[in-house]
Amino acid sequence: MSKESLTETPDTGPESPDSGLAAPAATSTPEGEPRTGGAEQDGPVSESDALRNLTESTSDADAERSEALRAGAIADLIAQRLNDDASGTRIGTLALFNETVSFGGGFNTTGGGRRAAGPRGLPTLALDPSEVAGHTDLFVQPAGYGDALTLLCEERLLVLTGAPGSGREATAVNLLGEALALSGGGACHRLLDPTVLFESDWAPPGENNGYLASLEDGPAGVTGFADALRRLPSVVAALRAGGGLLVLTGGHDLTLVLRGPGGAAIATHALRPADPLAVLERRVLGHEEDPESRAALHALIESTGAARALREQPAARHAARLASVIRAGGDVAAEAAALRDPSDQVRGWFDRYREPEALAFALAAATLEGSGYLTVSEAAVKLCATLTPPEPATPDLRFRDRVGYEQQWIQLVPDGSGPPRVRFRSALLGQVILRYAWTSLDGWRDAVLAWMRQLLSHSDLEVRARAAVAAGVLASADHHYAVHRFLTSWAGAASWPLRQAAATALGVAGSRPETSEAVWDLLDGWARGGSSAQQRRLAGTAANAVGGILGREAPERAVAVLRGALDRGDDWGTLPSVAWGGVHLVHQGQAGPLLDAYLEWSEPQDLSPMVVKSLSAFVFAATRPYERMADGPVEGVPGVPLLLSGLPRHGDRLAELWARALARRPLQETALEALREWIDTYCDKCPGSLDALGSLLVEVAGRPGSHRQRLLWWLEKWARSRERPSKNAAVLHQRLERDT
């Protein structure tokens with residue numbers, strides 16, 4: 001800085017256009033090198049470079065701000081789900097995934113009811129009367145049940161397909177019982193070894209009986225059946241000859257087999273699960289139609305969370321489980337909470353499904369929950385490709401077909417006229433899936449991290465933001481490992497998307513009680529680091545991170561991190577990041593603590609670096625328009641800086657900061673431009689703001705020194721400008737002359 005500027009005092013009288021208010025001289029750059037706000041330098045950044053980069057509006061800066069706000073909104077939503085949901089008390093603890101933890105029940109995806117184990121070599125076993133009664137006495141017929149019964153009676157063999165837990169076995173037993181009753185037949189038997197159907201000479205072992213066989217998904221159950229389709233006509237003939245009936249149940253894989261050659265000739269029925277609430281009602285109330293009892297039951301299941309549990313896990317067996325607790329007078333709320341606990345669901349699901357196709361879609365949905373189906377499926381295909389050997393042809397992956405079978409916890413939710421959105425039935429499931437995969441699938445960790453890193457450079461900003469939030473979930477599982485494995489390299493990278501991803505991830509991890517202190521300690525250390533380019537970027541990432549959910553929950557700690565990142569002597573390289581962090585803190589509803597900090601840091605009112613940096617950051621915050629985010633923490637006028645629309649709440653603080661900024665070079669010109677933008681651009685968009693601004697300027701003008709003369713001179717100049725005459729400036733000029 002020149003000797004003349006150091007000795008120049010701000011309050012020597014009204015300024016004129018020729019009184020030395022030129023912008024700070026811009027430093028030159030090597031020929032052909034772009035001059036953008038994102039340029040990285042190895043040594044300390046000069047004051048003029050930092051101020052120029054802060055005040056020059058660039059499309060890159062707008063994109064950065066938009067991405068930061070969007071990622072922060074998503075992080076807020078996920079952190080709220082993780083922290084506020086009462087059923088998530090076991091979620092997020094490292095002990096959750098220790099081998100000593102015992103998991104029971106939950107999302108057990110084996111189909112239907114009890115599997116009878118008969119003596120070795122015995123082909124069939126008669127169903128126990130109590131088992132039959134358990135399936136038939138309080139049975140709720142699903143949609144299309146009558147059509148399925150007609151098909152069975154006419155064709156003698158019916159293939160019944162449905163998702164695990166949809167009541168396949170109960171429906172099959174009821175169909176066989178009614179069909180046998182209509183034909184005057186005998187008892188119902190379980191076919192213990194369905195592979196006997198593949199033998200060419202198979203015949204029912206008894207006369208006029210019904211048979212139930214179940215084919216599980218997977219190579220052991222279904223692959224052989226695909227080769228046996230051509231033999232089924234002889235099976236039907238044998239059933240007709242012996243007066244028998246056969247219901248063969250299966251899931252997704254059986255459905256795919258029936259789409260192949262020969263499947264059209266077989267009678268099939270796709271089971272539509274019964275309403276779980278209807279199943280629960282029937283199990284508790286029986287066939288009684290008492291409105292008062294029904295209303296009391298509905299009040300009970302709503303108040304205890306049982307209704308929500310069934311919405312998240314709408315399987316008939318879960319309704320039966322809750323009904324048994326209600327009938328026994330047990331603790332329904334505790335049972336509903338246990339049913340909703342995603343830890344059991346996730347562990348049970350991962351124990352059953354190990355194929356890359358299933359796991360890839362679950363992880364993609366957990367990372368990008370809320371995105372469109374095509375976006376999620378594309379990400380799943382890329383993850384699946386990293387987990388499987390290359391194939392000569394593109395694999396035939398159809399994730400949509402699996403959603404209702406092995407991915408029952410996922411819904412494709414219609415979104416108006418747009419594509420369906422991929423969502424979990426429980427708000428907590430996606431996060432637990434990510435943590436489980438990260439801590440348990442040891443061979444996948446590198447592949448998952450590389451895949452997530454690819455998502456951070458996706459062309460869709462929403463995908464990048466959701467991937468960053470997912471990285472925060474991983475970081476909360478083992479903070480120390482995450483810091484050294486990926487957070488530090490991302491936070492110190494030259495790429496802005498990676499630094500933003502690290503800031504978002506740290507915000508999510510820091511919102512968890514078990515990792516909060518570790519995250520704050522990390523950010524404090526980064527903020528007070530050295531002055532190399534990489535250390536400066538770490539400090540900038542720390543400033544960005546505390547402008548999000550962390551700053552909203554602990555504004556004093558956030559301000560301390562901002563000060564550590566800003567107070568670095570003659571190194572000005574962190575000023576833009578701190579200024580943006582301050583803007584985001586304002587948008588988190590924490591303008592008061594931030595303005596108090598700017599007042600404290602600029603208290604000397606001299607030309608020391610910290611004073612100029614603090615006032616520069618304030619002016620920057622004063623010019624940033626507000627974008628309303630869904631479920632945002634503050635209300636404001638879209639397109640208007642919050643510091644203007646919030647004038648009545650922060651009037652005293654703002655008056656002092658404006659007075660300091662307007663009286664201090666080298667920010668005087670920038671502050672005057674910002675003030676004129678308030679007057680000419682934003683006051684017309686914000687009702688009542690012109691009057692509030694007038695009160696603020698009256699307060700500024702009343703301070704000792706040349707504040708009144710300066711404001712009157714510039715307001716008159718703007719009001720009479722030939723190029724841009726300002727009516728609002730004229731109004732403010734008249735008010736200052738009248739009231740000061």
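The model shown is predicted, which means the values in this text are computed figures rather than measured ones. Position 1 is the first residue of the sequence; numbering continues from there.
Here the straight-line distance linking atom CD of Gln313 with atom CD of Gln345 works out to 3.5 Å at 0.5 Å rounding. Between Ile301 atom CD1 and Ser303 atom OG the span is 9.0 Å, to the nearest 0.5 Å. With rounding to the nearest 0.5 Å, the separation of CZ in Arg453 from CZ in Phe486 is 12.5 Å.
Counting only residues at least two apart or in different chains, salt bridge (charged side-chain N to carboxylate O under 4.0 Å, His left out) contacts with residues 515-527 comprise Glu517-Arg557, Asp524-Arg528. Within the structure, salt bridge (charged side-chain N to carboxylate O under 4.0 Å, His left out) contacts touching residues 482-497 (residues at least two apart or in different chains) are Asp446-Arg485. Applying the ring-ring contact (aromatic ring centres under 6.0 Å, His included) rule to pairs touching residues 447-474 yields nothing, sequence neighbours excluded.
Closest approach of Leu538 and Gly492 over heavy atoms only: CD2-N, 3.5 Å. What you find for Thr574 and Leu566 is that their closest heavy atoms are OG1-CA, 4.0 Å. Of all non-hydrogen atoms in Gly636 and Leu642, the two that sit nearest each other are CA-CD2, 3.7 Å. A pairwise comparison of heavy atoms in Pro342 and Val432 identifies CG-CG2, 3.8 Å as the closest pair. Of all heavy-atom pairs spanning Pro555 and Pro593, the tightest one is CB-CG, 3.9 Å.
Side-chain contact between Val422 and Glu369: absent, with no pair of heavy atoms (C-beta onward) separated by less than 4.5 Å. For the pair Thr439 and Leu474, the minimum side-chain heavy-atom distance is 4.5 Å or more. Counting heavy atoms from C-beta outward, Leu585 and Val559 have side chains that approach closer than 4.5 Å. Annotation: side chain of Pro420 is not in contact with side chain of Val413 (no heavy-atom distance under 4.5 Å). Using a 4.5 Å heavy-atom cutoff, the side chains of Tyr481 and Trp438 are in contact. Using a 4.5 Å cut-off on side-chain heavy atoms (C-beta onward), Ile433 and Phe424 make contact.
Considering only residues two or more places apart in sequence or on other chains, Asp351 meets the salt bridge (charged side-chain N to carboxylate O under 4.0 Å, His left out) condition with Arg347. Among residues two or more places apart in sequence or in another chain, the side-chain contact (heavy atoms from CB on, under 4.5 Å) test is passed with Ala560 by none. For the side-chain contact (heavy atoms from CB on, under 4.5 Å) test, no residue two or more places apart in sequence or in another chain qualifies with Pro419. Every residue was checked against the side chain to side chain donor-acceptor pair (under 3.5 Å) condition with Gln411, not counting sequence neighbours, and none meets it. Not counting sequence neighbours, Glu556 has no partner by the side chain to side chain donor-acceptor pair (under 3.5 Å) test. In this view, Tyr682 satisfies the ring pair (Phe, Tyr, Trp, His ring centres under 6.0 Å) rule with no residue, not counting sequence neighbours. Taking the ring pair (Phe, Tyr, Trp, His ring centres under 6.0 Å) definition, one finds that Trp520 meets it with nothing, sequence neighbours left out. Residues meeting the side-chain contact (heavy atoms from CB on, under 4.5 Å) test with Ala621, sequence neighbours left out: Val583, Leu643. In this structure, the side-chain contact (heavy atoms from CB on, under 4.5 Å) partners of Thr386, at least two apart in sequence or on a different chain, are Leu383, Ala447.
Contact check on Glu462 versus Arg421 returns a salt bridge, with a Lys/Arg side-chain nitrogen under 4.0 Å from an Asp/Glu carboxylate oxygen. A salt bridge between Glu302 and Arg308 is absent, with no side-chain N of the basic residue lying under 4.0 Å from a carboxylate O of the acidic one.
Note that Lys613 lies outside the cation-pi zone of Trp601, set by a 6.0 Å cut-off to the ring centre and a 45° limit from the axis. Arg624 forms no cation-pi arrangement with Tyr626, by the criterion of a distance under 6.0 Å to the ring centre and an angle within 45° of the ring axis.
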Next on the checklist: Let's go through Thr375 and Glu378 carefully: what are the C-alpha distance in whole Å and the side-chain angles of both, what is the deciding distance for side-chain hydrogen bond (donor to acceptor under 3.5 Å, both in side chains) to 0.1 Å, and is it a yes or a no?
Outcome noted: CA-CA 5 Å; Thr375 299; Glu378 179 188 71; over 6 Å; no
Item to check | Residue pair Trp409, Gln407: steps toward the side-chain hydrogen bond (donor to acceptor under 3.5 Å, both in side chains) verdict | outcome: CA-CA 5 Å; Trp409 49 19; Gln407 304 280 3; 2.9 Å; yes
Checklist entry - So Phe399 and Tyr373, side-chain contact (heavy atoms from CB on, under 4.5 Å) or not? Walk me through it. => result CA-CA 9 Å; Phe399 297 114; Tyr373 170 77; 3.6 Å; yes
Item to check | Evaluation steps, side-chain hydrogen bond (donor to acceptor under 3.5 Å, both in side chains), between Thr504 and Gln500 | outcome: CA-CA 6 Å; Thr504 301; Gln500 174 58 45; 2.9 Å; yes
Next on the checklist: Go through it in stages, so that I can follow the logic: the residues are Arg321 and His318, the test is side-chain hydrogen bond (donor to acceptor under 3.5 Å, both in side chains), and I'd like the CA-CA distance, side-chain angles, deciding distance and then a yes or no.
Outcome noted: CA-CA 5 Å; Arg321 171 179 164 184; His318 299 319; 4.6 Å; no
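Exactly one of Ser343, Ser476, Ser440 qualifies for a side-chain hydrogen bond (donor to acceptor under 3.5 Å, both in side chains) with Arg435. That residue is Ser476.
A donor-acceptor contact shorter than 3.5 Å is absent between the side chain of Arg464 and the backbone of Ser457.
Phe350 and Tyr436 have tilted rings, their planes meeting at an angle from 30° to 60° on a 0 to 90° scale.
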